[in-house]
Amino acid sequence: MTPRQIVVELDKYVVGQHAAKRAVAIALRNRMRRKKLPQDLAQDVMPKNIIMIGSTGIGKTEIARRLARLSNSPFLKVEASKFTEVGYVGRDVESMIRDLVEIGIDLVRDEKIKEVEEKARQNAEERMLDLLLPRTRPTEDAAAEDDESDSSSLEQFERSREKFRQQLREGRLDARIVEMEIQERNSPGHFEIFTPQGIEEMDINLRDMFPNMFGGGRPKQKKMRVDEALEYLIQEEESKLIDLDQVARLAIERVESSGIIFLDEIDKIAGRESGHGPDISREGVQRDILPIVEGTTVNTRYGMVKTDHILFIAAGAFHVSKPSDLIPELQGRFPIRVELKPLTIEDFKRILTEPKNSIVRQYKALLETEGIDVIFTEDAIDEIARFAFSVNETTEDIGARRLHTIMETLLDEYSFEGPDLVDKNVVVDAKYVEKQLAEIVKNEDLSRYIL
């Protein structure tokens with residue numbers, strides 16, 4: 001996709017913020033450009049990491065998440081404030097790479113499952129038919145009979161088998177009980193061991209040392225419904241048809257070449273050392289994150305992962321601190337700075353109605369499940385947007401998330417009474433919005449608690 005096409009796709013889900021969309025579209029396109037370069041030159045072309053600056057609820061995370069879906073890339077959102085300097089109790093910064101690899105494994109495995117889905121279903125169906133209609137071995141007396149008798153009994157068996165196959169596909173055998181051999185899965189008690197190498201690595205080592213403790217127990221006989229048993233057999237066949245070593249290799253390649261890590265709340269670790277209080281480890285966390293952003297090799301349970309070409313998108317409100325408060329080395333690794341604009345009343349109106357997953361569509365669909373047909377008039381949308389903007393100005397500005405709190409309050413009565421309503425046709429107009437919200441919005445103390 002060209003950068004322009006990427007922006008058009010992002011426009012379907014995120015309103016406004018054109019500068020941020022342009023920046024991520026160029027970053028994504030540059031990845032494709034890098035893949036077309038000669039190998040020796042491509043190694044030196046580093047991703048242009050981005051810092052998005054803007055208050056909460058204005059689309060930072062959604063832009064990054066949608067970008068990852070467009071490119072079918074492994075994507076991880078993580079809060080920078082969760083990490084602590086080495087030596088303090090908290091998450092090790094390398095764990096984000098291990099988590100990203102797990103996401104990559106799931107992505108590749110799902111793709112491989114789709115490739116073998118049909119074959120796995122066929123194999124599982126054959127195994128299920130063997131359970132429902134076992135193939136009987138001929139006895140010595142039967143073996144002595146003539147060929148004609150053998151062939152007629154075989155034809156009869158095949159006809160019965162096909163009849164069972166048809167019934168199985170139509171779901172007419174779902175309630176029947178079959179006895180089959182399944183792999184017993186042990187579930188050990190939860191325990192944690194803190195080691196210098198981090199809890200994630202310890203978990204990997206324990207799994208290798210005691211495989212029987214962590215699943216993969218002895219086979220046992222179990223009675224199951226046919227539909228449940230068929231599902232189990234399909235999963236078993238899929239795992240047989242998929243080469244897990246190949247999945248791990250492809251996942252690591254994809255993580256290294258197209259992984260995206262969204263580092264939220266980076267402003268929370270932007271404070272310099274103050275020598276007291278919670279600030280003590282902020283610069284330490286930055287220094288721990290630096291080599292990963294700069295390019296290093298992280299050990300995971302699936303192999304070594306190079307982080308040189310993973311794209312990092314950092315985001316923060318930067319109300320108190322500013323990007324220049326980050327250590328200089330880390331600042332240099334985020335060359336693109338994008339400031340997202342605060343939302344206007346017009347933006348709120350567009351957010352309510354324009355995106356594919358707009359809030360109005362979501363609430364209409366939810367109430368439709370109760371048979372309620374909700375119609376929002378244009379003046380109602382105007383009023384909701386105006387109230388959201390007003391509450392954001394007078395209290396804390398939480399961006400588009402304010403619309404969710406307002407819509408919940410607005411439709412509270414219909415959401416509660418929905419199943420018992422006699423009149424299932426509901427019109428939400430400006431008068432109704434005013435009636436439900438005006439008093440709360442006027443009372444600033446009340447709106448702080450409710451909206």
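The basis for the numbers below is simple: all heavy atoms, side chains too, and nothing from hydrogens, waters or symmetry mates.
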Less than 3.5 Å apart, which donor and acceptor atoms pair up between the side chains of residues 114-122 and the rest of the protein, not counting sequence neighbours?
none

- Message: Walk me through whether Lys82 and Glu79 qualify under salt bridge (charged side-chain N to carboxylate O under 4.0 Å, His left out).
- Response: CA-CA 6 Å; Lys82 280 187 178 176; Glu79 278 77 32; 3.8 Å; yes
- Task: Please assess Arg169 against Glu125 for the test salt bridge (charged side-chain N to carboxylate O under 4.0 Å, His left out), listing each intermediate value before the final yes or no.
- Result: CA-CA 9 Å; Arg169 287 176 179 175; Glu125 193 177 82; 2.9 Å; yes
What donor-acceptor contacts under 3.5 angstrom involve side-chain atoms of residues 36-47, with partners at least two apart or in another chain?
none

- Message: Going by side chain to side chain contact (heavy atoms under 4.5 Å, CB included), name the residues that satisfy it together with Leu107, two or more places apart in sequence or in a different chain.
- Response: Asn72, Pro74, Arg254
- Message: Checking Asn392 against Arg402: is there a side-chain donor and acceptor pair closer than 3.5 Å?
- Response: yes
- Test item: side-chain donor near acceptor, Gln5 and Glu9, under 3.5 Å: no
- Query: Passes salt bridge (charged side-chain N to carboxylate O under 4.0 Å, His left out), Lys306 versus Asp308? Steps please.
  - Reply: CA-CA 6 Å; Lys306 290 183 178 177; Asp308 301 61; over 6 Å; no
- More than 12 heavy atoms of other residues, nucleotides or ligands under 6.0 Å from NZ of Lys77: is that the case? yes
- Message: Could you work out, with side chain to side chain contact (heavy atoms under 4.5 Å, CB included) as the rule, every residue matching Ile336, not counting sequence neighbours?
- Response: Ala23, Lys48, Ile50, Val338
- Message: Please find the pair of heavy atoms, one from Pro3 and one from Ala25, that lie closest to each other, and give the distance.
- Response: O-CB, 3.6 Å
- Taking atom types as modelled, find out whether Tyr232 and Glu236 have a side-chain donor-acceptor pair closer than 3.5 angstrom. yes
- By ring pair (Phe, Tyr, Trp, His ring centres under 6.0 Å), Phe376 pairs with (sequence neighbours left out) none
- Item | is_close_aromatic(Tyr432, Tyr414), centroid dist under 6.0 Å | yes
- CZ of Arg22: more than 12 outside heavy atoms within 6.0 angstrom? no
- Item | Contact list for residues 347-358, test salt bridge (charged side-chain N to carboxylate O under 4.0 Å, His left out), sequence neighbours left out | Glu346-Lys349, Lys349-Asp382, Arg350-Glu354
